[in-house]
Amino acid sequence: MLSRRIAPLLLIVASASAMAQYAPPVMRWNQPRKPFRIVDNVYYVGTNELASYLITTPEGHILVDSGFRATVPQIRANLRTLGFKMEDVKILLSTHAHYDHAGGLAELKRLTHATLYASKADAEALARGGRADFAFNDRFAFEPVTADRIAGDGDKITLGGVTLVAHLTPGHTKGATTWALGDTVIVASTTAPGYRLVHNPKYPGIVTDFETTFQKLRALPVKVYLGGHASAFNLDEKAAGRASFVDPQGYRDYLDRSERAIREAVARQQSGK
Ligand SMILES: [Zn+2]
């Protein structure tokens, strides 16, 4: 009896450790989170850490960011929980072409037949499935996906009377795009995780791009700021009602922190440390 109970357990342990070797360590970012309405027609439909946003309109919906490929079933379930349908998603947007935010876009396109918009530089990265990335090379490849339309800086995308404005905010990727819905903004990541910032032959303009990006982000009239990573904008506290999503000061603090981190990294690399 005992051995019959232990055997399946051992099997589970063995397959879990085999999986752990292949699964990226960041799968801890793929835990479910209860979907909820953030403000007006903007809903959180992502994971514990990787944000996906649903913006609803009377003529269909806009979905921003996919998380990993493995996140898509959660997004689908989250839409259902909120009473929305996947097939009503008409537009797909991306904040930046990394596998933890864009890895599921190809699958989302199959499920929704929606029109995918991306900036020119990120459309190229999406088409390569994240391969030949200037920072990560092929390390974080994902299923390639073709953008249907290119969004330029300041371009407006309108559906059902709802308009989003694309603000190109490169640095984290060459085509990172911040999406603004009035004074609610979904900010593309502004970090440089392990990036070579000084004399980077694969991205010579990276520091200038970051500087321009921070100037641009500071100029936006922001009340509610959202981002790609829940931990970057205090989502746990805000979702629990212990902090407000209306948080212009939090936005300024976020930009200050991010800009300081980039400047410190540049200084470190310039001094050869
Ligand atoms: Zn990223």
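Just so you know, these numbers come straight off a predicted model, no measurement behind them. Numbering of ligands and ligand atoms starts at 1, following listing order.
Two rings, from F233 and F245, have their centers 6.0 Å or more apart. Note: Y53 and Y44 meet the aromatic proximity criterion, with ring centroids under 6.0 Å apart. Ring pair F140/Y99: centre-to-centre distance below 6.0 Å.
Annotation: cation-pi pair K174/Y203 present, NZ/CZ under 6.0 Å from the ring centroid and within 45° of its normal.
Note that OG1 of T57 is 4.0 Å distant from CG of L159, once rounded to the nearest 0.5 Å.
Around the Zn ion (ligand 1), protein atoms of type N, O or S found under 2.8 Å number 3.
Hydrophobic clustering of Ile, Leu, Val, Met, Phe, Trp and Tyr side chains at less than 4.5 Å, counting indirect connections, keeps V64 apart from L168.
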